[in-house]
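The basis for the numbers below is simple: all heavy atoms, side chains too, and nothing from hydrogens, waters or symmetry mates. This is a predicted model, so every value here is computed, not measured.
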Amino acid sequence: MVNNLVLQTDFGQGDGAVSTMYGVAYSVNDKIVVSDLTHEIPPYDIWVASYRLYQTVKYWPENTVFVSVVDPGVGSDRRSIAVKTKSNHYIITPDNGTLTHIMHYDGITEVRAIDEVKSRLPYSEESHTFHGRDIYAYNGARLAGGEVAFEDLGRIIPIESIERLKLVDARKDGKSAFGSIDVLDVRFGSIWTNIPNEYIKDIGIKHGDNLEVKIFHKDKKVYQNIILFAKSFADVKVGEPLVYINSLVNIGVAVNQDSFSNLYHIGTGEDWTIEIRKAPRVIYEED
């Protein structure tokens with residue numbers, strides 16, 4: 001059976017690197033369908049690569065093969081691995097933390113360590129800096145095209161042995177929800193948190209409420225405002241901020257037709273955290 005092969009890298013499209021990976025894949029099996037997740041991961045940014053896999057994998061058909069190459073340690077002793085997820089997808093990637101979000105939120109059932117000497121593009125033995133072509137695209141195409149079974153890719157290794165980045169779990173108390181800013185909606189500058197919609201419902205927040213939003217960087221408060229919890233961007237005027245439910249059914253914060261992250265210099269990752277609660281009522285006394 002021939003399956004989809006989906007590629008993710010930090011290579012960009014300025015040279016022939018991505019096209020070369022396509023060429024290797026089609027040379028292995030010209031019946032597979034190769035697609036792009038993205039090639040615009042910020043250079044060396046393993047965190048964003050991990051999140052984009054989590055954002056995307058579940059929406060592809062079962063048995064789709066993903067190749068993710070954000071590999072600042074290429075040529076070192078870091079492992080090359082192939083995993084099967086609980087959703088019955090396959091991912092081939094360096095073992096450097098790229099699977100953090102998939103492992104935490106979706107789950108992994110099996111991990112194989114790829115032999116970088118034996119399982120590689122023929123006649124590529126002297127090259128040690130383009131594993132995206134020689135190891136990952138090559139083995140991804142072999143798996144997607146049915147040339148090898150998952151079990152043939154390498155020896156099984158413990159799931160708990162793979163590298164993981166630090167995550168900040170979302171939490172809630174009786175009045176507030178807390179979480180991290182995991183990623184940006186890059187083109188539009190919205191910030192995406194890991195606070196699920198269920199947490200907002202549990203603390204009694206509904207659309208139309210005004211929310212007090214606080215953002216922290218390394219525990220230092222860098223932003224605070226009262227913002228409307230809107231159903232869509234059209235609920236606020238151009239230039240106004242809003243809290244909304246993003247496409248992963250988590251909390252996002254944005255500015256209508258502007259970049260929230262650029263305006264307020266907000267970043268992503270474990271050092272960036274957020275607190276949301278229903279804004280307290282302000283009562284003005286008459287003189």
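- Between the side chains of Thr64 and His89, no donor-acceptor pair of N or O atoms lies under 3.5 Å.
- A salt bridge does not link Arg277 with Glu275: none of the charged nitrogens is closer than 4.0 Å to a carboxylate oxygen.
- You'll find the ring centres of Tyr51 and His101 inside the 6.0 Å limit.
- Scanning all heavy atoms of the two residues, the minimum distance from Asn246 to Ile251 falls at ND2-O, 4.2 Å.
- Both the sub-6.0 Å distance and the 45° axial angle are satisfied by Lys172 relative to the ring of Tyr199.
- Two rings, from Tyr223 and Phe260, have their centers less than 6.0 Å apart.
- Inter-residue side-chain proximity for Tyr136 and Thr93 is flagged as unmet; no heavy-atom pair is nearer than 4.5 Å.
- Exactly one of Val222, Ile181, Ile274, Thr273 qualifies for a side-chain contact (heavy atoms from CB on, under 4.5 Å) with Phe216. That residue is Thr273.
- Residues Tyr244 and Asp235 form no side-chain contact, since every pair of their non-hydrogen atoms from C-beta on lies 4.5 Å or further apart.
- Two residues are said to be in side-chain contact when any heavy atoms from C-beta on lie closer than 4.5 Å; Trp47 and Leu167 meet this criterion.
- Contact detail for Ile226 and Ala279: the closest heavy-atom pair is CD1-CB, 3.8 Å.
- Side chain of Lys58 to backbone of Ser87: no donor-acceptor contact under 3.5 angstrom is found.
- Considering only heavy atoms from C-beta on, Asn256 stays 4.5 Å or farther from Lys237 through its side chain.
- Heavy-atom minimum distance, Ile102 versus Ile91: CG1-CD1, 4.2 Å.
- If you take OG1 on Thr56 and CG on Leu37, they are separated by 4.0 Å, rounding to the nearest 0.5 Å.
- The shortest side-chain heavy-atom distance between Asn210 and Leu228 falls under the 4.5 Å cut-off.
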Could you go through the side chain to side chain contact (heavy atoms under 4.5 Å, CB included) check for Tyr22 and Leu7 one step at a time? CA-CA 9 Å; Tyr22 266 72; Leu7 306 179; 3.9 Å; yes

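- Side-chain atoms of Leu242 and Glu240, non-hydrogen and from C-beta on, never get closer than 4.5 Å to each other.
- The distance from the CD1 atom of Ile215 to the NZ atom of Lys221 is 11.5 Å, given to the nearest 0.5 Å.
- Put simply, CG on Asp258 and CZ on Phe188 are 12.0 Å apart, with the number rounded to the nearest 0.5 Å.
- Heavy atoms only, all atoms of each residue included: Val48 and Asp45 are closest at N-OD1, 3.1 Å.
- Pairing each heavy atom of Ser68 with each of Thr98, the nearest pair is OG-CG2, 3.5 Å.
- Taking each heavy atom of Asp15 and Ala17 in turn, the nearest pair found is OD1-N, 3.0 Å.
- Side-chain contact between Glu147 and Val28 is present, with at least one heavy-atom pair separated by less than 4.5 Å.
- Distance alone, capped at 3.5 Å, places no donor-acceptor pair between the Asp95 side chain and the Ile162 backbone.
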Just do the side chain to side chain contact (heavy atoms under 4.5 Å, CB included) check on Met21 and Val69 with the steps written out, would you? CA-CA 11 Å; Met21 293 174 68; Val69 189; 4.1 Å; yes

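- Using a 4.0 Å cut-off between charged nitrogen and carboxylate oxygen, Arg78 and Glu116 count as a salt-bridge pair.
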